[in-house]
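All heavy atoms count here, side chains included; hydrogens, waters and symmetry mates do not. Lettering of chains follows the sequences in order, A, B, ..., and the numbering in each one begins at 1.
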2 protein chains.
Amino acid sequence: MTQAKKNKDGRISAQNKALILAAAEKEFAKHGFNGTRIQQVADAAGLPKTNVLYYFKSKHDLYVEVLEQILSLWNSAFDEASIDDDPADVLARYIAEKMEISRTKPEASKIFALEIINGAPNLHSFFKEQHIHWMDGRVSLLQSWIDQGRLHTRDPYALLFHIWACSQHYADFGAQIEVLKGEPFDEHAFSEATKDLIELILKGCGLHVPERYK
Amino acid sequence: MTQAKKNKDGRISAQNKALILAAAEKEFAKHGFNGTRIQQVADAAGLPKTNVLYYFKSKHDLYVEVLEQILSLWNSAFDEASIDDDPADVLARYIAEKMEISRTKPEASKIFALEIINGAPNLHSFFKEQHIHWMDGRVSLLQSWIDQGRLHTRDPYALLFHIWACSQHYADFGAQIEVLKGEPFDEHAFSEATKDLIELILKGCGLHVPERYK
DNA sequence: TTATCGGTTGACCAGATGGTCAGGTTTTTG
DNA sequence: CAAAAACCTGACCATCTGGTCAACCGATAA
């Protein structure tokens with residue numbers, strides 16, 4: 001039917017697309033956009049290369065869809081925090097969330113980092129604007145807390161950057177950390193690292209670490 | 001003469017090699033190893049492609065030499081710090097050094113980050129071992145300070161990771177930061193960011209920020 | 001003058017890779 | 001049960017790119 005003309009998500013379609021996207025996420029994380037071969041993605045998904053091109057018009061298309069899927073992970077409870085909330089609580093939770101993503105979705109984090117390092121050439125400008133808007137809102141919240149004397153840091157932007165930098169570091173540099181520390185960086189180690197980071201940042205802002213994050 | 005057989009560093013040679021390495025550093029930082037074309041490097045250096053291949057046997061060779069050149073930047077005063085030094089002073093200086101590299105050599109920092117994200121496939125194992133050795137030494141120094149009650153943080157490894165993560169962040173994500181903050185990230189902004197980071201980390205470790213870094 | 005040698009370069013190639021296409025099969029739909 | 005739509009895929013191709021090669025240049029030494 002003409003109604004179904006644009007509906008490309010039959011049962012099989014949805015299933016295969018998901019399969020391919022998952023495989024692509026891993027491959028892109030490992031080798032970057034240029035270093036990834038469509039054939040590799042196909043192999044990882046257990047399908048012939050042509051089939052990958054059937055669902056995604058081009059390599060670039062596939063990459064963009066992977067990226068869009070990743071962006072949905074970036075939502076957070078911090079998005080809705082208000083001035084009446086407790087800064088220590090909100091920040092600790094935000095850090096914990098970011099660390100959790102680094103642990104459970106390191107590939108996504110890597111791809112995001114690679115994309116940003118290269119100047120975000122594939123992120124639609126609407127995303128950038130949206131991000132700036134989000135940033136403005138969060139920064140003024142932090143600034144309010146600073147003005148109230150409930151948060152002691154000079155630059156709220158810098159605070160956010162530092163949280164991102166450190167949490168993402170654990171995703172991006174996971175392998176390096178294992179080598180340098182000489183022990184596997186497992187769930188428990190991640191939990192310890194999260195506590196450490198929360199303590200560092202909160203103390204650095206003159207905040208008291210909530211019991212549950214100690 | 002047979003003596004000069006291996007001497008490939010005549011005046012012209014040294015000059016051209018330096019030219020090519022500088023161009024390669026920029027290109028690799030922009031596009032990564034796979035995304036960089038030898039032709040691009042050649043164009044950036046103002047030489048024909050064949051000439052690049054004359055000085056560097058292969059693209060991979062060129063990349064490794066760029067990488068080795070970068071590694072020399074990683075030396076620091078922190079390397080020689082001893083237990084008798086003041087933790088606050090040593091750490092503040094170390095952070096300032098790292099930030100300075102991010103400001104003056106962002107390309108080098110980017111390449112290093114990209115290399116590490118990909119699991120450091122091109123770093124010779126002797127470098128890794130050397131790095132581990134360095135790390136062990138620095139961690140035990142930090143641990144000594146902790147044991148003496150002069151430094152208050154749980155995991156010295158994590159402390160180093162956080163310093164690296166934040167300072168490198170300013171190199172890697174420079175473009176993103178400009179967009180999000182909506183103003184150029186110049187020398188002055190870098191100086192402010194450095195102070196902020198020093199304050200965050202030192203306060204986070206229960207240290208007092210030395211006057212000169214305020 | 002001539003041999004040598006570092007340096008230079010255009011022409012060329014083999015392999016890899018993104019992407020197309022036509023024809024086939026399976027599933028859905030009326 | 002057809003017809004249509006969705007799905008699948010082997011064969012193929014245009015292009016790109018790392019790397020080779022052989023000829024050539026220009027300075028210096030014998």
Validation row, ring centre Tyr170(B) to ring centre Phe185(B) under 6.0 Å: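 Yes; Phe185(B) has its ring centre under 6.0 Å from that of Tyr170(B).
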Student check: side-chain heavy atoms of Glu25(B) and Gln69(B) closer than 4.5 Å: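 The answer is yes; the side chains approach within 4.5 Å.
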Just to confirm, is there a sub-4.0 Å distance from OP1 or OP2 of [N] to any side-chain nitrogen or oxygen of [X]?
X	N	answer
Tyr54(A)	dC7(D)	yes
Asn16(A)	dC8(D)	yes
Arg11(A)	dA6(D)	no
Arg37(A)	dG18(C)	yes

Sort out for me which residue in Lys59(B), Glu27(B), His31(B) forms a side-chain contact (heavy atoms from CB on, under 4.5 Å) with Arg37(B).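 In the set Lys59(B), Glu27(B), His31(B), the residue that makes a side-chain contact (heavy atoms from CB on, under 4.5 Å) with Arg37(B) is Lys59(B).
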For the pair made of [atom1] in [X] and [atom2] in [N], what is the distance, rounded to whole Å?
X	N	atom1	atom2	value
Leu47(A)	dA6(D)	CG	C1'	15 Å
Ile20(B)	dG7(C)	CD1	C1'	12 Å
Leu53(B)	dG10(C)	CG	C1'	14 Å
Gln40(B)	dC16(D)	CD	C1'	12 Å
Lys17(B)	dG6(C)	NZ	P	13 Å
Tyr55(A)	dA5(D)	OH	C1'	13 Å

Please determine which of Tyr213(B), Phe78(B), Trp164(B) meets the ring-ring contact (aromatic ring centres under 6.0 Å, His included) test together with Tyr94(B).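 Single pass found, and it is Phe78(B).
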Under 4.0 Å between a side-chain nitrogen and a carboxylate oxygen: does that hold for Asp172(A) and Lys110(A)?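 Looking at Asp172(A) and Lys110(A), the cut-off is not met.
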Options dC21(C), dC8(D), dG19(C), nucleotide nearest the side-chain atoms of Thr50(A):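 When the side chain of Thr50(A) is considered, dC21(C) is the closest of dC21(C), dC8(D), dG19(C).
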On the side chain of Lys49(A), is there an atom forming a donor-acceptor pair with the base of dG18(C) - under 3.5 Å, no angle test?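 Side chain to base: pair present.
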Is the closest side-chain donor-acceptor distance between Tyr63(A) and Glu115(A) under 3.5 Å?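 Result is yes, a qualifying pair exists.
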May I have the step-by-step check of side chain to side chain donor-acceptor pair (under 3.5 Å) for His162(B) and Asp196(A), ending in yes or no? CA-CA 10 Å; His162(B) 297 155; Asp196(A) 246 51; 5.7 Å; no
Interface with DNA chain D, restricted to residues 58-67 of chain B and to heavy atoms under 4.0 Å: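 Correct list: Ser58(B), Lys59(B).
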